[in-house]
Amino acid sequence: MNPTLTTATAARVLAQLRADRRTLALMLVVPCVLLGLLAWMSRDTPLFDRTGAQLLGLFPLVVMFVVTSVTTLGERTSGTLERLLSTPLRRTDFLGGYALAFGAMAVLQALVATGFAVWVCGLEVRGPLGWLVVVAVASGLLGTALGLLASAFARTEFQAVQFMPALVLPQLLLCGLFVPREEMPRALELVSAVLPLSYAVDALGSVATTVEPAGELGADLAVLAVFVTGSLGLASLTLRRRTP
Amino acid sequence: MMKYAVRAEGLSVRRGRRQVLRDVHLAVPVGQVVGLLGPSGGGKSTLMRSVVGVQAQVSGTVEVLGEPAGSPGLRHRVGYVTQSPSVYRDLTVGQNLRYFATLVGAAGGRVDQVLEQVDLRGQVDQRVADLSGGQASRVSLAAALVGRPDLLVLDEPTVGLDPVLRRSLWRLFAELAASGTTVLVSSHVMDEAARCDRLVLLREGRVLADDTLPALLARTGAEDAEGAFLHLVDEADADGPVAPDPAYHRRRR
Ligand SMILES: Nc1ncnc2c1ncn2[C@@H]1O[C@H](COP(=O)(O)OP(=O)(O)O)[C@@H](O)[C@H]1O
Ligand SMILES: [Mg+2]
C-alpha cells in the first residue's frame, strides 16, 4: 500500500461526493430526520432511549453501502477502474482510498447524528458519547466494504441498489432491534450471531446502558473488524487487472 | 537494428466463447506512429487491451518495452486511453488530471502542459459531464499523457472530432513520436492511414498486413489505404475463407 496513492484516491472520492451536494445532504440530514421521528413517536416511553442509540449504527451501514456500491460500479463500468489498474495504483491503494474516504464521511455523519440525537432529541446515553461515534464509524466501514464487494456482482445501478434490501434488511430484522436476540427462536439467534449488524447494535446498546462500556465493546468491535477486513479481502479478489 | 516497443508473437485471445484474435504477429518500432486499422469488431480494442495487459485469456507472447505485457515495471511507462472516455464525469478537468498526475508521480506543472497539448486550457474548471464528447475524450487522452509514457496506446482517439481537431491531434502524435514516444493508435476510418508511419490492418482477428503505407500501395497496386485493405481482404478470401468459429455455429443451432 502506498500512502500517497491511497490518500490521493480518498481525496478524489471525497471530491466526487462534494460535487454531489444532494447526496451529501441526504447522508447527513436523513439520519437526523429519522431519529427525530422516532423521538417524537415514542415520547413518554423508554423506546427512544433503547433504540435511538442502536439506530446510530444502522444509518452508516445502509448509506455507505449504497453510496459505495453505486460509485464503485461506476468505476467498473466507465472504464476508470481499468485505467487505474493499468497505472502504478495497487488494489490495496484503491480499497484503502475508498475505506478512508467513506470512513471520514462516517465520522462526519456519526458526529451530526449523535449530536442531534443527544442535544436535540434528548437521547439518554450512560456511556461516553465518543464510543457511539467509534461504533458508528465501524459500521460505516462495514457498509463500504460490503458495497465494494457487492458492486462486483451488479451490472447496473438498479441491481446495485437492490443489493441493499437483500443484504441489509435481513440484518436489520435479526439484529435485536425488534426482538432481543436472546428471546429469538434458537435457529434465528444463531443466524443473527453471524450477521455483523448484530454486533454493531449490541455494542451501541452497551454504550447506551453502561457507564463504563469499554470492556463489553472490545469483543463486538473485534468481530466488526473481522467482517470489515474479510469483506475488503473478498472485494480485492474481485478487482481484476485482467478482465475478459 | 530496429528496436521495437511492442512485439506480439502467436497472440490469440478468447472473449467469452469467441476467438477474437487468432495467431497475431506484430512489431511496433520505437518512436513511430503505428495505426491499427480495420472494421469495427475486428479486434482492435482487444489487441490494445492485450498490449496494455488488461485482457484475460491471452495466449502467445506480447512483449512491451522489453518486458512481458502488463508487468508492474511497465505501469508508469505505458499510457492507455480506452475507446470511451475513462475519466470521472462528476469531477472537473483539473481535478481529474491532478489525480492521474499523482498516480504516475508527475509534477503538478505537468497538468498545464498536457492541457495545452490537447487544447483544453480554458476548460480546466469545467466538469467533464458538461463537456462535449470530443472534449471529454481529449481529457481522457490528457490523463494518459500526464505521465510522459514511453508507449501510448490510444483506442480510436479521433472518433467524433471535427477535422481541425483531428488534424491537431495527429500533429501531436507526430510530435510525440519525434520526441521518442511510440504511439499505437487505432481507427476504423481508413483515411487516417496517411497520418501513420506504419499500418497494421486487422480484420476478423487476423493481421492482413503490417507495413508502411507506400509499401502496401506498391504491393497491392491500390491508390489509397482503403483500396489496399479491400485488395488484401479479397486476397485473403481467395486463399480460403477464414476458418469459421465453431462456437458461432454451435450458438446458431
Ligand atoms: N467482453 C466481451 N466478451 C465477449 N466478446 C467480446 C467482448 N468484447 C468484445 N467482444 C467481441 O470481440 C470482437 C472484437 O471486439 P473489439 O476488440 O472491441 O473490436 P474493435 O475494437 O475492432 O471494434 C467483437 O466480435 C466483439 O463482439
Ligand atoms: Mg474498439
Side-chain angles (χ1 to χ4, degrees), chain A residues 1-25 27 67-68 70-98 100-101 152 155 157 237-244, chain B residues 13-18 20 45-46 48-58 69-92 94-106 127-130 136 140 143-144 146-147 149 153 155:
Chain A
M1 201 151 139
N2 176 325
T4 313
L5 303 189
T6 304
T7 48
T9 302
R12 185 266 296 170
V13 172
L14 287 174
Q16 286 180 285
L17 273 180
R18 242 195 339 269
D20 185 357
R21 295 277 158 82
R22 207 169 294 178
T23 296
L24 202 57
M27 288 171 93
V67 180
T68 308
V70 171
T71 317
T72 34
L73 180 71
E75 297 239 32
R76 288 176 195 271
T77 52
S78 71
T80 49
L81 180 65
E82 178 167 314
R83 165 174 245 153
L84 292 180
L85 293 179
S86 77
T87 72
L89 184 90
R90 291 172 167 277
R91 296 187 288 186
T92 46
D93 301 321
F94 180 85
L95 293 170
Y98 266 86
L100 205 59
R155 277 175 194 271
E157 292 185 358
L237 296 180
T238 70
L239 296 175
R240 284 286 157 82
R241 216 178 271 277
R242 286 184 184 268
T243 52
Chain B
V13 175
R14 279 194 86 80
R15 297 188 84 165
R17 294 165 64 184
R18 260 186 101 91
V20 174
S45 297
T46 308
M48 297 195 131
R49 285 169 46 84
S50 310
V51 169
V52 176
V54 295
Q55 177 65 50
Q57 308 248 46
V58 174
S71 303
L74 291 174
R75 281 177 201 144
H76 4 346
R77 301 182 65 199
V78 178
Y80 173 40
V81 180
T82 49
Q83 193 164 347
S84 47
S86 48
V87 286
Y88 299 98
R89 290 175 53 77
D90 40 1
L91 296 182
T92 65
Q95 285 174 321
N96 267 291
L97 293 184
R98 283 191 293 274
Y99 176 54
F100 288 110
T102 309
L103 295 189
V104 293
R127 294 211 303 169
V128 174
D130 301 332
S140 195
V146 82
V153 179
D155 201 350

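Chain letters run A, B, ... following the sequence lines, proteins first and then strands; every chain starts at 1. Computed from a predicted structure; not experimentally measured.
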Checklist line | Tyr99(B)/Leu91(B) under side chain to side chain contact (heavy atoms under 4.5 Å, CB included): CA gap, chis, key distance, verdict | finding: CA-CA 10 Å; Tyr99(B) 176 54; Leu91(B) 296 182; 6.0 Å; no

Notebook entry, point to check: Which atom names give the shortest non-hydrogen contact between Pro88(A) and Arg75(B), and what distance separates them?
Noted result: CD-O, 3.6 Å

Item checked: Partners passing side-chain contact (heavy atoms from CB on, under 4.5 Å) against Gln57(B) (at least two apart in sequence or in another chain) -> Arg14(B)

Note to self: Using modelled atom types and a 3.5 Å cut-off, is there a donor and acceptor pairing between side-chain atoms of Arg242(A) and backbone atoms of Val58(B)?
What the structure shows: no

Note to self: Heavy-atom pairs under 4.5 Å with chain B: which of Ser78(A), Gly74(A), Pro244(A) has the most?
What the structure shows: Pro244(A)

Next item on the list: Count the heavy-atom pairs under 4.5 Å between each of Gln95(B), Arg15(B), Arg49(B) and chain A, then report the option with the highest count.
Entry: Arg49(B)

Note to self: Non-hydrogen contacts under 4.5 angstrom with chain B: give the residues of residues 17-24 of chain A involved, or none if there are none.
What the structure shows: Ala19(A)

Check: For chain B, which residues of residues 6-16 of chain A have at least one non-hydrogen atom nearer than 4.5 Å to it?
Finding: Ala8(A), Thr9(A), Arg12(A), Ala15(A), Gln16(A)

Next item on the list: Could you tell me which of Ala143(B), Pro72(B), Gly70(B) has the largest number of non-hydrogen atom pairs under 4.5 Å with chain A?
Entry: Ala143(B)

Checklist line | Arg127(B), part contacting chain A, at a heavy-atom distance under 4.5 Å | finding: side chain

Next item on the list: Taking Arg241(A) for its side chain and Glu82(A) for its backbone only, find out whether a donor-acceptor pair lies under 3.5 Å.
Entry: no

Next item on the list: Measure from the side-chain N and O atoms of Ser71(B) to the backbone N and O of Gly73(B), and report whether any donor-acceptor pair falls under 3.5 Å.
Entry: no

Note to self: At a 4.5 Å cut-off on heavy atoms, which part of Ser140(B) comes close to chain A: side chain, backbone, both, or neither?
What the structure shows: both

Check: Which one of Leu81(A), Leu84(A), Asp93(A) has the most heavy-atom pairs closer than 4.5 Å to chain B?
Finding: Leu84(A)

Notebook entry, point to check: How about residues 81-88 of chain B versus chain A: which residues have heavy atoms under 4.5 Å apart?
Noted result: Val81(B), Thr82(B), Pro85(B), Ser86(B), Val87(B), Tyr88(B)

Check: Is chain B contacted by the side chain of Leu85(A), its backbone, both, or neither, given a heavy-atom distance below 4.5 Å?
Finding: backbone

